[in-house]
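What follows is a short report on a single structure.
This structure is a prediction, so every number in the text was calculated from the model and none was measured.
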Amino acid sequence: MRNGITRRGLFAAGAVALAMATTPLSGALAQDTTNLRFSAVFSDQDIRARMMERLAEAVAEDFTLEVHHGGTLFGQGTELVALQRGNLEMGNIAPQDISNQIPAWSILTSAYIFRDADHLAAFFASDAGAEMKALAEEQLGIHILGPTFFGTRYVGLRPDRRIDTPADMAGIRLRMPPGESWQFLGEALGANPTAMAYAEVYTGLQTGAIDGQDNPLPNVQNMKFYEVMSQIVLTSHLVAFDLLTISSSAWNEMSPEQQAEFQAAADDAMAWSAAEHQSSEAALVEYFTGQGVEIYTPDLDAFRAYAQERYLASPLSADWPEGMLERINAL
């Protein structure tokens with residue numbers, strides 16, 4: 001008894017050691033990191049898939065990112081609700097999905113609102129951008145890390161019809177994602193918008209169920225839409241972006257130091273992805289031309305004027321924050 005060790009104590013210590021040795025990784029060792037499930041509709045071949053790999057590596061000391069591509073965990077348009085219900089920690093959320101719940105956000109989904117990727121980044125880094133992010137956090141319970149730029153959206157068509165102005169788009173069944181903001185965007189291009197899930201677009205073009213789709217060039221390559229299209233019209237109607245988002249509950253569980261490190265890692269990954277997309281777009285014009293797809297620029301002034309007139313005359317603009325359009329244009 002002089003050393004304080006008893007037979008019963010030895011048996012107890014041995015039991016603890018055995019329990020630790022036989023505890024699965026998800027128990028003892030994995031307790032050192034927090035698991036964050038991430039859902040997106042983009043494929044594992046997308047540049048943004050590598051963006052998430054970079055982020056995962058950067059935060060691996062404290063967090064394990066469980067990444068699900070191709071809408072396999074949650075389908076397009078359902079990720080935001082999953083975040084709100086606590087069924088998901090992170091998602092690649094379309095601003096159009098946010099605008100379905102916060103009409104003021106529809107200004108960020110309107111045609112020709114951002115000039116390019118730099119303008120988009122400048123907005124979200126500004127006070128005006130901070131106000132819009134705070135609005136989403138307060139009303140939806142999500143924390144927006146930043147915009148994930150993935151190219152400029154252009155119109156890709158199956159029929160061989162020359163498009164110079166919005167009037168030429170009359171009768172075109174243009175696939176747009178579901179949701180009021182997306183459907184109105186299709187109308188603002190002069191088309192007949194048709195809701196269809198992203199994964200169904202290739203077959204829709206192939207069978208003629210739709211006449212066209214709108215996506216950035218990297219998406220057209222990843223999903224091989226160019227195989228079932230005759231032309232790409234460089235309408236440049238939308239600087240395409242989603243939002244790298246984490247639930248407020250998951251964010252608030254982090255220490256201030258972890259939040260700062262996570263945000264810095266996300267900023268680095270998003271900047272890398274934006275640069276990769278811009279580089280890819282330039283090369284893809286040549287690639288698609290080589291595949292027999294006609295590529296040309298329509299009358300952009302006509303498209304811009306028509307779209308802006310439609311937006312300003314619509315009920316959507318009534319929900320836009322006062323002075324926000326002027327603040328965006330001034331950046």
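- Atom CD1 of residue Ile163 and atom OG1 of residue Thr297 lie 13.5 Å apart, to the nearest 0.5 angstrom.
- Under the 6.0 Å distance and 45° angle rule, Arg158 does not count as a cation-pi partner of Phe225.
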- Apply salt bridge (charged side-chain N to carboxylate O under 4.0 Å, His left out) to the pair Lys133 and Glu138, showing each step before the final yes or no. CA-CA 9 Å; Lys133 288 188 287 186; Glu138 292 165 4; over 6 Å; no
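- A continuous path of hydrophobic side-chain contacts links Met169 to Val233 [ILVMFWY only; heavy atoms under 4.5 Å].
- Here the straight-line distance linking atom CZ of Arg115 with atom CG of Leu120 works out to 11.0 Å at 0.5 Å rounding.
- In the hydrophobic cluster analysis, where Ile, Leu, Val, Met, Phe, Trp and Tyr join through side-chain heavy atoms closer than 4.5 angstrom, Leu238 is grouped together with Leu189.
- Under the salt bridge (Lys or Arg N to Asp or Glu O under 4.0 Å) criterion, the residue pairs touching residues 227-252 are Arg48-Asp242, with sequence neighbours excluded.
- The residues Glu66 and Arg37 are annotated as not salt-bridged, no charged nitrogen and carboxylate oxygen being separated by less than 4.0 angstrom.
- Judged by distance alone, with hydrogens and angles left aside, the side-chain atoms of Asp211 form a donor-acceptor pair with the main-chain N or O of Arg173 at under 3.5 Å.
- Formation of a donor-acceptor pair under 3.5 Å by the Ser110 side chain with backbone atoms of Ile107 is found in this model.
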- Start with the C-alpha distance between Asn100 and Gln96, add both sets of side-chain angles, then the distance that settles side chain to side chain donor-acceptor pair (under 3.5 Å), and finish with yes or no. CA-CA 6 Å; Asn100 287 338; Gln96 288 79 5; over 6 Å; no
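- One N or O on the side chain of Trp105 and one on the backbone of Met132 form a donor-acceptor pair closer than 3.5 Å.
- A salt bridge does not link Asp168 with Arg162: none of the charged nitrogens is closer than 4.0 Å to a carboxylate oxygen.
- Not a single donor-acceptor pair under 3.5 Å links the side chain of Glu89 to the backbone N or O of Leu83.
- Within a 6.0 Å radius of CD in Glu309, no more than 12 heavy atoms belonging to other residues, nucleotides or ligands are found.
- Heavy-atom contacts from other residues, nucleotides or ligands closer than 6.0 Å to CD of Glu180 number 12 or fewer.
- Between His69 and Ala49, the shortest heavy-atom distance links the atoms NE2-CB, 3.6 Å.
- Linking ILVMFWY side-chain heavy atoms closer than 4.5 Å, directly or via other members, places Leu234 and Val155 in two distinct hydrophobic clusters.
- In this structure, NE2 on His143 lies 12.5 Å from OG on Ser249, to the nearest 0.5 angstrom.
- Taking the centre of each ring, Tyr112 and Tyr311 stay at or above the 6.0 Å mark.
- Each of Phe241, Phe114, Phe149 was compared with Phe123 under the ring-ring contact (aromatic ring centres under 6.0 Å, His included) criterion, and only Phe114 meets it.
- The heavy-atom pair separating Ser248 from Glu137 by the smallest distance is OG-OE2, 3.5 Å.
- Of all heavy-atom pairs spanning Pro159 and Ser230, the tightest one is O-OG, 3.1 Å.
- Transitive grouping of hydrophobic side chains (ILVMFWY, heavy atoms separated by less than 4.5 Å) keeps Leu65 and Leu73 in distinct clusters.
- The closest side-chain donor-acceptor pair between Asn219 and Tyr198 falls under 3.5 angstrom.
- Two residues are said to be in side-chain contact when any heavy atoms from C-beta on lie closer than 4.5 Å; Ile47 and Ser280 meet this criterion.
- Panel note: side chain Ser279, backbone Ala275; no donor-acceptor pair is recorded below 3.5 Å.
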- Chi angles and distances behind the side-chain contact (heavy atoms from CB on, under 4.5 Å) call for Ile172, Asn192: CA-CA 6 Å; Ile172 291 289; Asn192 178 21; over 6 Å; no
- Any chance you could lay out the side chain to side chain donor-acceptor pair (under 3.5 Å) test for Thr64 and Thr33, step after step, and finish with the verdict? CA-CA 6 Å; Thr64 298; Thr33 64; 3.1 Å; yes
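- Side chains of Gln84 and Gln101: a donor on one and an acceptor on the other come within 3.5 Å.
- With contacts defined as side-chain heavy-atom distances shorter than 4.5 Å, the pair Pro216/His277 does not qualify.
- Between the side chains of His237 and Asp214, at least one donor-acceptor pair of N or O atoms lies under 3.5 Å.
- Side chains of Ser99 and Thr109: no donor on one and acceptor on the other come within 3.5 Å.
- Under the 4.5 Å side-chain criterion, counting only non-hydrogen atoms from C-beta, Val81 is not in contact with Leu88.
- Proximity of Asp62 to Thr34: side-chain heavy atoms (C-beta onward) are nowhere separated by under 4.5 Å.
- Of the possible donor and acceptor atoms, none in the side chain of Glu57 sits under 3.5 Å from a partner among the backbone N and O of Arg54.
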- Message: side-chain contact (heavy atoms from CB on, under 4.5 Å) for Leu205 and Met229? Distances and angles first, verdict last.
- Response: CA-CA 7 Å; Leu205 288 166; Met229 298 189 321; 4.0 Å; yes
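- Closest approach of Arg153 and Ala240 over heavy atoms only: CG-CB, 3.6 Å.
- Side-chain contact between Val201 and Ile210: present, with at least one pair of heavy atoms (C-beta onward) separated by less than 4.5 Å.
- For the residue pair Thr148 and Asn92, a side-chain donor N or O sits within less than 3.5 Å of a side-chain acceptor on the partner.
- Not one N or O on the side chain of Gln308 forms a donor-acceptor pair closer than 3.5 Å with the backbone of Phe303.
- Side-chain contact between Met52 and Phe42 is present, with heavy atoms from C-beta onward closer than 4.5 Å.
- To the nearest 0.5 angstrom, Leu55 atom CG is 8.5 Å from Phe38 atom CZ.
- Summarising the geometry, atom CE belonging to Met90 is positioned 6.5 Å from atom CG belonging to Leu36; distances are rounded to the nearest 0.5 Å.
- Looking only at distances, a side-chain donor or acceptor of Thr207 sits under 3.5 Å from a matching main-chain atom of Thr203.
- In this structure, a donor-acceptor pair under 3.5 Å is present between the side chains of Gln231 and Tyr296.
- Nearest heavy-atom pair, Thr165 versus Asp299, reported as atom, atom and distance to 0.1 Å: CG2-CB, 4.4 Å.
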- Task: Could you walk me through whether Glu281 and Leu284 pass the side-chain contact (heavy atoms from CB on, under 4.5 Å) test, one step at a time?
- Result: CA-CA 5 Å; Glu281 282 190 311; Leu284 284 175; 5.7 Å; no
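- With a 4.5 Å cut-off on side-chain heavy atoms, Gln221 and Gln45 do not count as touching.
- Within the 3.5 Å criterion, the main-chain N or O of Leu325 finds a donor-acceptor partner in the side chain of Asn329.
- Atom OH of Tyr202 sits about 12.5 Å away from atom CD of Gln213, to the nearest 0.5 Å.
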- Message: Apply side-chain contact (heavy atoms from CB on, under 4.5 Å) to residues Glu61 and Asp32 and explain how you reach the verdict.
- Response: CA-CA 8 Å; Glu61 184 175 341; Asp32 294 335; over 6 Å; no
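- Linking ILVMFWY residues whenever their side-chain heavy atoms come closer than 4.5 Å, directly or via other members, leaves Trp272 and Leu243 in distinct clusters.
- Side chain of Asp268 to backbone of Ala264: no donor-acceptor contact under 3.5 angstrom is found.
- Between Phe262 and Phe63, the ring planes lie perpendicular to each other; the angle is over 60°, past the 30° to 60° tilted range.
- Classification of the Tyr226-Phe288 ring pair by plane angle, with boundaries at 30° and 60°, yields tilted.
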